[in-house]
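What follows is a single structure, written as structure tokens, with notes after it.
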Amino acid sequence: MQLPFFTDSDVVNIARSLVGNFVFSSVGGSLTGGMITETEAYCGERDLAMQKHLLRRPSSVTTLKKKGGIAYIYTVYGYHSMFNIVTNEVGYTDSVLIRAISPTVGLDIMQERRGSNIAVRNLCSGPAKLSQALGLTPALNGEPVVNNNTIWIESNAEFNAAESIISAPRIGIDYAKEDKKDDKGKPRPARDDTSLPWRFTLKQGV
DNA sequence: ATAAAGATCATT
DNA sequence: ATGATCTTTATG
């Protein structure tokens, strides 16, 4: 399927369009990669999840404000790397989190990096898992994902698109809402972005 | 110096 | 459902 332009302004559409395409890495001389099966969109202008994320991690702003098409990689829970692709033009803080891939290349390398006794279907079935399997760490933050031979996206010409992609609420962002009362204790309209359907997955068994 | 909270994972 | 694990940020 066709690759999106990472400078496009609609991060939700980019997140959807990435599903079914390939991501590869060549880190430490080892080629690894697979088909993207799950993504999530985060939008600086319309999304409490991203807005609160930025408040908690001011140092991320620099990378996220750059022109779309580079990696944004940060650590959560102490040792899990999250691999995102920055989108939109300079000055916007939009990105797509790659949450899962179906591994196709370099399975042996991935096994090594992830530790033995891991079933293949569990190699890259989560955002921290695929980052580890592909060797992506915050050291590669800011690395381009187009015209690059370290991390890159390739389109999947074979993939027949739309109807096998499902949208759903995003994972692990319970904080992406406001209290129903303002700071004086008066009720206000609740703002809640936790259920935006900005998570895209490939339908099982296709 | 201490506290609190994560865009998670593996196991029970 | 729960514990592991530790960086980042805020506060005193």
Side-chain angles (χ1 to χ4, degrees), chain A residues 6 10-16 18-19 23 32 34 36-66 68 70-88 92-103 107 110-143 145 151 166-179 183 191-202:
Chain A
F6 293 118
D10 186 350
V11 65
V12 177
N13 185 53
I14 296 176
R16 186 192 299 109
L18 277 173
V19 174
V23 59
T32 50
I36 298 170
T37 57
E38 181 176 352
T39 64
E40 284 177 1
Y42 289 83
C43 180
E45 294 204 308
R46 313 183 262 148
D47 174 18
L48 267 180
M50 178 56 99
Q51 286 160 6
K52 293 203 174 185
H53 180 74
L54 291 177
L55 286 179
R56 198 168 46 234
R57 313 183 83 107
S59 57
S60 290
V61 175
T62 316
T63 302
L64 281 163
K65 277 197 173 179
K66 290 185 178 172
I70 63 174
Y72 163 47
I73 306 177
Y74 69 96
T75 304
V76 281
Y77 301 116
Y79 50 80
H80 295 308
S81 293
M82 299 289 106
F83 170 49
N84 301 254
I85 298 177
V86 176
T87 70
N88 213 333
Y92 295 88
T93 52
D94 295 354
S95 73
V96 175
L97 171 66
I98 309 299
R99 287 193 59 89
I101 71 176
S102 170
L107 297 217
M110 298 191 192
Q111 296 264 20
E112 244 171 67
R113 288 176 176 152
R114 296 267 298 121
S116 46
N117 307 328
I118 307 262
V120 172
R121 68 165 199 290
N122 291 329
L123 268 185
C124 301
S125 56
K129 301 184 201 175
L130 93 260
S131 299
Q132 184 181 26
L134 298 194
L136 307 179
T137 70
L140 293 168
N141 187 46
E143 188 78 17
V145 299
I151 312 173
I166 305 172
S167 63
R170 294 169 294 174
I171 303 288
I173 53 157
D174 285 349
Y175 57 82
K177 58 191 173 201
E178 289 173 337
D179 201 333
D183 45 15
R191 185 176 167 197
D192 185 342
D193 289 341
T194 56
S195 50
L196 289 173
W198 286 3
R199 171 174 175 238
F200 300 98
T201 55
L202 203 55

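Below, chains carry the letters A, B, ... as their sequence lines are ordered, and counting in each starts from 1. Just so it is clear, the model here is predicted, and its values are computed rather than measured.
No donor-acceptor pair under 3.5 Å is formed between the side chain of Thr87(A) and the backbone N or O of Val11(A). Looking only at distances, a side-chain donor or acceptor of Glu40(A) sits under 3.5 Å from a matching main-chain atom of Ile171(A). Of the possible donor and acceptor atoms, one in the side chain of Arg114(A) sits under 3.5 Å from a partner among the backbone N and O of Leu123(A). Judged by distance alone, with hydrogens and angles left aside, the side-chain atoms of Gln132(A) form a donor-acceptor pair with the main-chain N or O of Arg113(A) at under 3.5 Å. Remark: the backbone N or O of Lys177(A) is paired with a side-chain donor or acceptor of Lys52(A) at under 3.5 angstrom. Asp94(A) places a side-chain N or O within 3.5 Å of a backbone atom of Gly44(A) that can act as its donor or acceptor partner.
Within 6.0 Å of NZ in Lys65(A) there are 12 or fewer heavy atoms belonging to other residues, nucleotides or ligands.
Residues Ile101(A) and Gly34(A) share a closest heavy-atom pair of CD1-N, 3.9 Å.
Taking the ring centre of Tyr42(A) as origin, the terminal cationic atom of Arg170(A) falls inside the region bounded by 6.0 Å and 45° from the ring axis.
For Thr39(A), there are no side-chain hydrogen bond (donor to acceptor under 3.5 Å, both in side chains) partners at least two apart in sequence or on another chain. Scored by the side-chain hydrogen bond (donor to acceptor under 3.5 Å, both in side chains) test, Thr137(A) finds no partners at all (sequence neighbours excluded).
For the residue pair Tyr74(A) / Ser60(A), no side-chain donor-acceptor distance below 3.5 Å is found, with atom types taken as modelled.
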* Structure fact -> Protein heavy-atom contacts under 4.0 Å, written 5' to 3' over nucleotides 4-12 of chain C as B (base), S (sugar-phosphate only) or - (none), form the string BBBSSS---
* Asked: Please, what dot-bracket string fits DNA chain C when only Watson-Crick and G-U pairs with both distances under 3.5 Å count, crossing ones use [ ] and pairs to another strand use |?
  -> ||||.||||||.
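Interface limits on DNA chain B: the 5'-most and 3'-most nucleotides within less than 4.0 Å of chain A heavy atoms are dG6(B) to dA10(B).
The residue Leu97(A) sits close to a base: some heavy atom pair falls under 4.0 Å. Note on Arg99(A): only backbone sugar-phosphate atoms sit closer than 4.0 angstrom, heavy atoms only; bases stay farther off. Among the heavy atoms of the strands lying under 4.0 Å from Asn84(A) is at least one base atom, whether or not backbone atoms are also near.
Listed in residue order, the members of residues 128-135 of chain A having a heavy atom less than 4.0 Å from DNA chain B are Ala128(A), Lys129(A).
Shown are Pro127(A), Ser131(A), Pro138(A); of these, the side chain to side chain contact (heavy atoms under 4.5 Å, CB included) with Met82(A) is made only by Pro127(A).
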